[in-house]
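Heavy-atom basis, side chains included; hydrogens, waters and symmetry copies ignored.
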Amino acid sequence: MSTSEPRPAAIPPAAAQSSEATPTGNFITDRIDADNQAGTYGGRVATRFPPEPNGYLHIGHAKSICLNFGLMGRYSGTCNLRFDDTNPETEEVEYVESIEGDVRWLGFSPTAVLYASDYYQGIYDCAEQLILDGKAYVDSLSVEELRQYRGNYYIKGIESPYRSRGVDENLDLFRRMRAGEFEDGQHVLRAKIDLASQNMNLRDPPLYRIRKNTPHHRTGSTWPIYPTYDYAHPLSDAFEGITHSICTLEFEAHRPLYDWCIHELADTPAGKRLFRSRPQQIEFARLALTYTVLSKRKLIELVKGGHVHGWDDPRMPTLAGLRRRGITPEALRAFCDRIGVARRDSMVDVALLEHSIRDNLNDKAPRVMAVLNPLKVVITNYPEGKTEEFDAPYFPDVPGSPTRKVPFSRTLYIERDDFKEVPPKKWYRLSPGKEIRLRWACLITCHEVIKDASGEVVELRCTMDENSRGGNAPDGRKVLGTSHWVSAPHALKSEVRLYDRLFRLPNPADVPEGQDWKTALNPDSLQIIDGAMLEPSLATSEPGRHVQFERIGYFFADPLRSKPGAPVWNRTVTLKDTWAKLEAKGS
RNA sequence: UGGGGCGUCGACAAGCGGUAAGUCACGGGUCUUUGGAACCCGCAUUCGUAGGUUCGAAUCCUACCGCCCCAACCA
């Protein structure tokens, strides 16, 4: 989808997957190293990325994807994409498609694309085995009752009257559950563990529930019962031969249950059971980003509430949104390498993401000129009707860079911000009597400021130094200021969309007591400019092209909104702006 | 009134008993036809706090403080 100018050989492609540095180790690689040392898995490393297909992937998932697939790369292992589709009430094919596409877009190829639903029969068989072993029973309490019986943090749970059902009755009832003889909620299969456990997850957790009339997006109506996450996940891992099952911190309290499932069903020295492998769950801290919201609930609220224009709105932290904003997979991967992996809750500064984006696009995006907020400039000593073309390099820092022709004429546009009638201190740019350089064209000096009735500056009358073609001072005099410009009669008038942070607070949850988090939304997160004036070479830009508008930022030709010959440009990220910083400091 | 986890620079994060890596941010400078990029320099005598063990502690022990997670037939 992305195009770029033929890059001069001097610049290496920005981070081909193979040339990316191996990130430093973390507590997970330490674990794996120890396992390899001990021969726990015979040196095998098998991971998986297990999304539930009930929503779009976001940058937090990217961290997990990079982690799991990164481990595959680091240890020459495997990494499956496995859809954790055990809840038919919320899952849809639309999501499985977008998720797989996002993973591949990020640059990873799963060893296999699998589904928990692929294992429904095996998972079921394991359940019968548990019943046979007296380790699971069919309970017929209502949801309400079950909750009562389970107790709470301070009060132990008490046994359900159905806990003592015999193996035969349990097996019969469970098979009838499977046969679809019961209604939702009538029965549930529970593990028989410990109602007094201080870990609530061990107080006889549900293993199977009835969802008789809810079709599953893959298995249709063949199953009236569905396994819970806690039960299906360890088994799916085991069936796939996963060695290290990596998930986020909130699942930590579930690990004893994960281990219980493996322990009860895996082969033992004493004999064969349902499977051989003994995967281990390892938790890490999920990503939090400043000025961003990543909870599924809040993301849905943004979309449904019309605060953004859909899941792929360029302001969204979804992979679809980031992609449309012009953020590259390379930048995202570099970002994930930089943030590291640990167990402590943390909030990463978006500036780190922005740096990763600029760092990647700096190598990759050709430089072009665009005037977002035009101010007319007339070169009084340049003949009316005359036109000439200047050569401008796409990659100015690279010797021998490819170039394009940029037309020049008597009437131009420069950026309104590049002129000040009363220059502040340290102002390099244009003001009455001052000289600046027009990038790649010539030096000009401002002689006259023309205003309209309301006093607004509408035109500048300038002269050019005839001997400064290309922008070099004929006598070597220093000209600090350089402005980008566009020839008015040749300008391509375009729509440019300036995207900014979606929230105005580093932590959108830090809203005053009682206020909704959405009050932290940044009202200026999208500014649409209809009349931007671009150099004409941009007319033929393919959707998905990355460019740098010099001195402004990196922009991306929107794949959806662009029309042939009329690209619409999304600002991916601004350039660092030292002047803005100086200005802010001065005031 | 329970259980589990975590606390190293403004933000991430190495460190695993031998005397505080790196990145971003920030500040200063060089260079510059992007106030961009690049390059150079600076930025934790100190590791939540208080004790203890040790020749030596961010690393071990004890206590305390703070933050996060757990009572869905969600994942």
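Looking only at distances, no side-chain donor or acceptor of A:Arg203 sits under 3.5 Å from a matching main-chain atom of A:Tyr149.
Nearest-nucleotide mapping onto RNA chain B: of A:Asp30 and A:Arg469, the residue sitting toward the 5' end is A:Asp30.
In this structure, A:Glu91 CD and A:Ser117 OG are separated by 8.5 Å, a value rounded to the nearest 0.5 Å. The line from CG of A:Asn68 to CZ of A:Phe49 is 8.0 Å long, rounded to the nearest 0.5 Å.
Here, B:U8 and B:G22 have their C1' atoms 14 Å apart, quoted to the whole Å. Rounded to whole Å, the separation between the P atoms of B:C60 and B:G5 comes to 15 Å. Nucleotides B:A71 and B:A13, compared at atom P, are 25 Å apart to the nearest Å. Taking atom P in both B:G4 and B:G42, one finds a spacing of 46 Å when rounded to whole Å. Taking atom C1' on both B:G15 and B:A57, the two are 13 Å apart, rounded to the nearest angstrom. Comparing B:C6 with B:A14, their P atoms are spaced 13 Å from each other, to the whole Å. Taking the C1' atom of each, B:A11 and B:C74 are spaced 33 Å apart, rounded to whole Å. Comparing the same atom, C1', in B:G18 and in B:U49 gives a spacing of 25 Å after rounding to whole Å.
In this structure, the nucleotide among B:G35, B:G4, B:A37 sitting nearest to the side chain of A:Thr482 is B:G35. For A:Ile339, taking side-chain heavy atoms from C-beta onward, the closest of the listed nucleotides B:U34, B:G35, B:C12 is B:C12. Nearest to the side-chain atoms of A:Ser346 among the listed nucleotides B:C68, B:A13, B:A14 stands B:A13.
Using a 4.0 Å heavy-atom cutoff across all strands shown, A:Thr24 reaches no nucleic acid atom at all. Contacts of A:Val341 with the nucleic acid, taken as non-hydrogen atoms under 4.0 Å apart, involve only primed sugar atoms and P, OP1 or OP2. Backbone-only engagement by A:Arg343 is indicated by non-hydrogen atom pairs under 4.0 Å involving sugar-phosphate atoms exclusively. Using a 4.0 Å heavy-atom cutoff across all strands shown, A:Glu354 reaches no nucleic acid atom at all.
B:C67 atom P lies 21 Å from atom CZ of A:Arg286, rounded to whole Å. Between the C1' atom of B:G3 and the CD1 atom of A:Ile155 lies a distance of 15 Å, rounded to the nearest Å. Atoms OH (A:Tyr394) and C1' (B:U34) sit 17 Å apart, rounded to a whole Å. Atom NZ in A:Lys434 sits roughly 12 Å away from atom P in B:G35 (whole-Å rounding). Regarding A:Ile282, its CD1 atom lies at a distance of 15 Å from the P atom of B:G5, rounded to whole Å. Rounded to whole Å, the distance from CZ on A:Phe335 to C1' on B:A11 is 11 Å. Note: CG (A:Asp33) to P (B:C16) measures 15 Å, nearest angstrom. Rounded to whole angstrom, the span from the CZ atom of A:Arg333 across to the P atom of B:U23 amounts to 22 Å.
Aromatic ring centres of A:Trp579 and A:Tyr428: separated by at least 6.0 Å. For A:Phe251 and A:Tyr258, the distance between ring centers is not under 6.0 angstrom. A distance of 6.0 Å or more separates the ring centres of A:Tyr226 and A:Tyr208.
In summary, the side chains of A:Glu250 and A:Thr248 do present a donor paired with an acceptor at a separation below 3.5 Å, with no hydrogens or angles considered. Between the side chains of A:Glu550 and A:Thr482, no donor-acceptor pair is found at a separation under 3.5 Å.
Within the shown strands, B:G66 is the pairing partner of B:C6 under the Watson-Crick or G-U definition, both distances less than 3.5 Å. Using the Watson-Crick or G-U wobble rule with both distances under 3.5 Å, B:A21 pairs with nothing in any strand shown. Pairing for B:C39 goes to B:G29, judged as Watson-Crick or G-U wobble with the two contacts each under 3.5 Å. A 3.5 Å limit on both hydrogen-bonding distances identifies B:C61 as the Watson-Crick or G-U partner of B:G51.
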- Task: Sugar-phosphate means primed atoms, P, OP1 and OP2; the rest is base. With that split, encode nucleotides 70-75 of chain B 5' to 3' as B, S or - using protein heavy atoms under 4.0 Å.
- Result: BBSBSB
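A sub-4.0 Å separation between OP1 or OP2 of B:U34 and a side-chain N or O of A:Arg367 is absent. The side chain of A:Thr578 places an N or O atom within less than 4.0 Å of a non-bridging phosphate oxygen (OP1 or OP2) of B:G36. Distances shorter than 4.0 Å separate none of the side-chain N or O atoms of A:Arg338 from OP1 or OP2 on B:G22.
The side-chain tip of A:Arg501 points at the ring of A:Tyr291 from less than 6.0 angstrom away and within 45° of straight on. Judged by a 6.0 Å distance limit and a 45° cone about the ring axis, A:Arg358 is not positioned over the six-membered ring of A:Tyr554.
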Table of protein N/O atoms under 3.5 Å from nucleotides 25-27 of chain B N/O atoms:
residue, atom, partner, partner atom, Å
B:C26, OP1, A:Lys581, NZ, 3.2

- Message: One pair to check against side chain to side chain contact (heavy atoms under 4.5 Å, CB included): A:Arg571 and A:Phe556. What are the steps and the verdict?
- Response: CA-CA 6 Å; A:Arg571 181 171 71 194; A:Phe556 183 64; over 6 Å; no
- Is there a side chain to side chain donor-acceptor pair (under 3.5 Å) between A:Asn87 and A:Tyr229 once you walk through the steps? CA-CA 8 Å; A:Asn87 183 1; A:Tyr229 164 85; over 6 Å; no
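Remark: the A:Arg255 side chain and the B:G4 base include no donor-acceptor N/O pair separated by less than 3.5 Å. Between the side chain of A:Arg344 and the base of B:U8, a donor-acceptor pair under 3.5 Å is found.
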